[in-house]
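Here is the structure we will look at, set down as structure tokens.
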Amino acid sequence: MTDRYAVIGNPVAHSQSPRIHAKFAESTGEDIAYGSILAPPDAFVGSVLAFIAQGGKGLNVTVPFKEEAYLLATVRSPRAQSAQAVNTLMFRGPQIHGDNTDGWGLTRDLALNLAFSLKGRRVLLLGAGGAARGVLLPLLEEGPARLVIANRTGAKASQLLVTLPAAYAQTARAVSFEGLAGETFDLVINATSAGLTDALLPLPSGLFSTESLAYDMVYGRETAFMRQARADGAARVSDGLGMLVEQAAESFFLWRGVRPQTASVLAALRFA
Ligand code: ATR
């Protein structure tokens, strides 16, 4: 019998996940069906339980339900615990397992698709909301020389640091946007939601060297941050499409125990 999976969110019509998982199923020969579920803002839990009752095996969770999914999970992976958010649910017996593959998706995209090693690098993470929280620890685990978090609301960046294991106290610090003046980074990641509205971030010039990579976690178009980074001399600029495909591959692996190839899927989405 075909196992059923879906992405749940609001909105969800724009989601690329059904396309990505259909390609993974085709390339691995796994017998799955993957749909999408538009949950009303106040009915996430009911929608998940209905899917389970219909025999659903797992869900990807997207905006705005990742925190609710974390609360719903009865078993939480260490990755989910550090992100305080869940993007992958697995239904096994009476348990609802919650994991978070977003951080994996980002570090894997950097290493595999962009050939960027984080080891010993100077990294700037812009934003301190859910998206930043999801990737912070996975980034640190790759061994950057230092990682600076800058956020419009400085207190939120400082709070993020408090949640980190003590081993990273020397590596990570928080600053305001103004506090970035005079600093240069090898990698600047935009994890703010400013990319969604095309608002311009108040970044000082000189953040990028001629070898720096600028990465926006938003995908599907050139954001204001990406344009800003190009104008300020970043050597390379990337959107978050590769992160999307890599986090999906990790979800697929959690569900099926099979790791799909991602390069051809990423290329197909990129040039569709
Ligand atoms: P997400 O889950 O996408 O991270 P969020 O938790 O609401 O969403 O966090 C949004 C992030 O984008 C925050 O870091 C927010 O900054 P504040 O903490 O100061 O609110 C940041 N952000 C959103 N719009 C922004 C803008 N126009 N300029 C600067 N930062 C912005």
Side-chain angles (χ1 to χ4, degrees), residues 7-12 14-17 39 41 44 60-73 79-89 98-107 109 123-140 147-164 172-181 183 185 188-205 207 214-229 231-232 239-241 243-244 247:
V7 56
I8 185 167
N10 190 330
V12 81
H14 68 285
S15 174
Q16 295 281 358
S17 294
F44 170 72
N60 279 133
V61 182
T62 187
V63 176
F65 298 125
K66 291 184 188 182
E67 280 82 12
E68 269 189 82
Y70 176 75
L71 295 175
L72 178 64
R79 297 189 296 200
Q81 283 171 33
S82 97
Q84 301 270 295
V86 154
N87 80 334
T88 308
L89 289 170
D99 201 340
N100 193 311
T101 65
D102 286 331
W104 163 278
L106 173 60
T107 55
D109 186 34
V123 179
L124 171 61
L125 182 61
L126 301 170
R133 197 171 56 229
V135 300
L136 179 57
L137 192 57
L139 285 170
L140 284 165
L147 190 149
V148 174
I149 307 172
N151 195 48
R152 181 175 57 184
T153 312
K156 273 171 68 182
S158 308
Q159 274 163 24
L160 265 192
L161 289 187
V162 173
T163 65
L164 286 174
R173 67 188 172 91
V175 300
S176 62
F177 282 119
E178 302 83 63
L180 291 169
E183 300 226 38
F185 295 91
V188 181
I189 300 166
N190 182 20
T192 73
S193 50
L196 302 172
T197 57
D198 257 352
L200 214 59
L201 294 169
L203 299 176
S205 59
L207 283 182
Y215 191 102
D216 202 321
M217 284 168 58
V218 170
Y219 64 86
R221 67 203 166 79
E222 176 99 351
T223 63
F225 167 75
M226 291 164 73
R227 284 194 295 276
Q228 209 172 347
D232 201 23
D239 73 357
L241 189 64
M243 173 177 172
L244 178 79
Q247 64 78 30

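Just so you know, these numbers use all the heavy atoms, side chains as well, and skip hydrogens, waters and symmetry mates. Small disclaimer: the values here were computed from a predicted structure and weren't measured. Both counts, for ligands and for their atoms, begin at 1 and track the order of listing.
Every pair passing salt bridge (charged side-chain N to carboxylate O under 4.0 Å, His left out) that includes a residue from residues 191-203 is listed here, sequence neighbours excluded: D198-R221, D198-R227.
Between the side chains of D216 and T223, at least one donor N or O sits under 3.5 Å from an acceptor N or O. When only modelled atom types and interatomic distance are considered, T101 and N87 share a side-chain donor-acceptor pair under 3.5 Å.
For A181, the side-chain contact (heavy atoms from CB on, under 4.5 Å) test picks out P204, with sequence neighbours left out. Applying the side-chain contact (heavy atoms from CB on, under 4.5 Å) rule to A132 yields the partners L125, L160, A191; only residues at least two apart in sequence or on another chain are considered.
Sorted by chain and number, the heavy-atom contacts of ligand 1 below 4.0 Å come from G127, A128, G129, G130, A131, N151, R152, T153, K156, T192, S193, A194, A199, L201.
With a 4.5 Å cut-off on side-chain heavy atoms, V218 and F225 do not count as touching.
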